[in-house]
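First comes the structure, then the notes that go with it.
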Amino acid sequence: MRMSGIEEFQNVALGPFQKHRQLSIREAEIISLEIIELLCDSHCKDEATLKYLARLITPATYQDLLDERNLNKKCGYPMCNRQPERLRDPFSIDYTTKRFLWENNPYAYLSIYCSKFHFRCSQFYEVQLSDEALFARTGVHLVHNSPQEKKEIDEKYRIELFEELLRQKASEDDIKSLIAGLRKLGINNGANQEHKDDDQEMEEDLSKWLAEINIIENDKPSILGDLTKDDDE
Ligand SMILES: [Zn+2]
């Protein structure tokens, strides 16, 4: 199973563009394609890698990445090496059908992700990505920034992963505030935004994941694989 770490993205995708601080539109496009290329049939080596990538990708690039990973029969979430729960023939489905299914099938996410947990992780990541075009993000592609610039970039494009949030909240037992926070970020169940059971469903999911995080944390920190195994439908 191939994994990609920060060094690989720096060597392969960013390496050729270290001579100048300002990327052209074309160069930014090449970098985006290289990142998708690297991740469409591998996964991030660690959480730090996925967090690092936030400085280089936009929500649009992320959507392209999801599509490419699905074409390769991979769960959309870039930390994952599993298949989506439900495989579909990518060529048999047009955009309108896809959209219809997404809006009308409450389990449509399972054709993109291995589990509801990774659907949520992915949503949580995507809503935090900056819309700013890559060529406009001066210096983010440089491997050796000055300490001051590095600090600024780290802060500006800092992203929290859903896994980190759960690990933090696992001890707090404050699910209602967690749900309120997620809602504020625009995270919901897609089509059924008006659905009355929505909050209850989210609450049940979160209780389950938090309980599992607690168990895993006590057992072996940082391995969250078990969370994706038994997703109910
Ligand atoms: Zn997954």
Side-chain angles (χ1 to χ4, degrees), residues 1-6 8-9 35-54 57 59 61-90 93 98 101-102 105-129 159-170 178 182 185-190 201-202 204-217 219-233:
M1 195 59 63
R2 215 159 65 78
M3 289 187 287
S4 305
I6 293 176
E8 262 154 306
F9 289 101
I35 291 171
I36 292 172
E37 181 83 3
L38 271 170
L39 267 187
C40 71
D41 64 352
S42 73
H43 61 280
C44 288
K45 195 170 105 186
D46 47 30
E47 292 181 356
T49 304
L50 187 57
K51 292 173 66 138
Y52 174 81
L53 289 177
I57 61 182
T61 309
Y62 189 69
Q63 281 297 326
D64 290 344
L65 177 62
L66 292 182
D67 284 345
E68 289 301 316
R69 287 178 60 83
N70 282 171
L71 284 173
N72 285 325
K73 299 189 169 43
K74 283 201 169 290
C75 166
Y77 191 51
M79 292 295 293
C80 185
N81 61 15
R82 295 185 188 79
Q83 294 190 339
E85 173 71 17
R86 291 177 188 165
L87 288 176
R88 59 179 160 81
D89 176 0
I93 190 162
K98 197 170 150 187
L101 286 176
W102 184 257
N105 176 358
Y107 301 110
Y109 61 85
L110 290 177
S111 64
I112 301 177
Y113 302 101
C114 68
S115 61
K116 193 187 229 174
F117 181 62
H118 276 173
F119 169 46
R120 290 288 178 227
C121 289
S122 184
Q123 269 187 316
F124 191 70
Y125 184 75
E126 188 177 352
V127 295
Q128 295 174 81
L129 290 173
I159 269 196
E160 188 174 24
L161 300 182
F162 193 55
E163 297 92 314
E164 292 179 304
L165 180 73
L166 290 189
R167 282 201 297 268
Q168 244 172 52
K169 296 281 176 187
L178 187 53
L182 294 175
L185 281 168
I187 289 182
N188 51 55
N189 283 339
E201 191 189 328
M202 183 84 96
E204 284 165 12
D205 287 342
L206 288 169
S207 310
K208 192 180 84 179
W209 295 332
L210 285 170
E212 286 169 358
I213 288 252
N214 264 331
I215 293 165
I216 295 159
E217 282 290 288
D219 200 19
K220 218 193 257 178
S222 90
I223 292 177
L224 298 174
D226 286 2
L227 284 170
T228 56
K229 272 198 314 218
D230 58 341
D231 216 68
D232 50 305
E233 284 186 26

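Counting convention: from 1, in listed order, for ligands and their atoms alike. When a residue number appears, it is its place in the shown sequence, counting from 1.
Nearest N, O or S atom of His118 to the Zn ion (ligand 1): atom ND1.
Using modelled atom types and a 3.5 Å distance limit, the side chains of Thr61 and Asp64 yield no donor-acceptor pair.
Expressed to the nearest 10°, the angle at the Zn ion (ligand 1) joining SG in Cys114 with SG in Cys80 is 110°.
Using a cut-off of 2.8 Å, one finds that Cys121 contributes no N/O/S atom close to the Zn ion (ligand 1).
Looking at heavy atoms from C-beta onward, Ile57 lies in side-chain contact with Ile35 at the 4.5 angstrom threshold.
We find that Glu164 and Lys51 are joined by a salt bridge, their nearest charged nitrogen and carboxylate oxygen being less than 4.0 Å apart.
Residue Glu37 places its CD atom among 12 or fewer non-hydrogen atoms of other residues, nucleotides or ligands, all under 6.0 Å distant.
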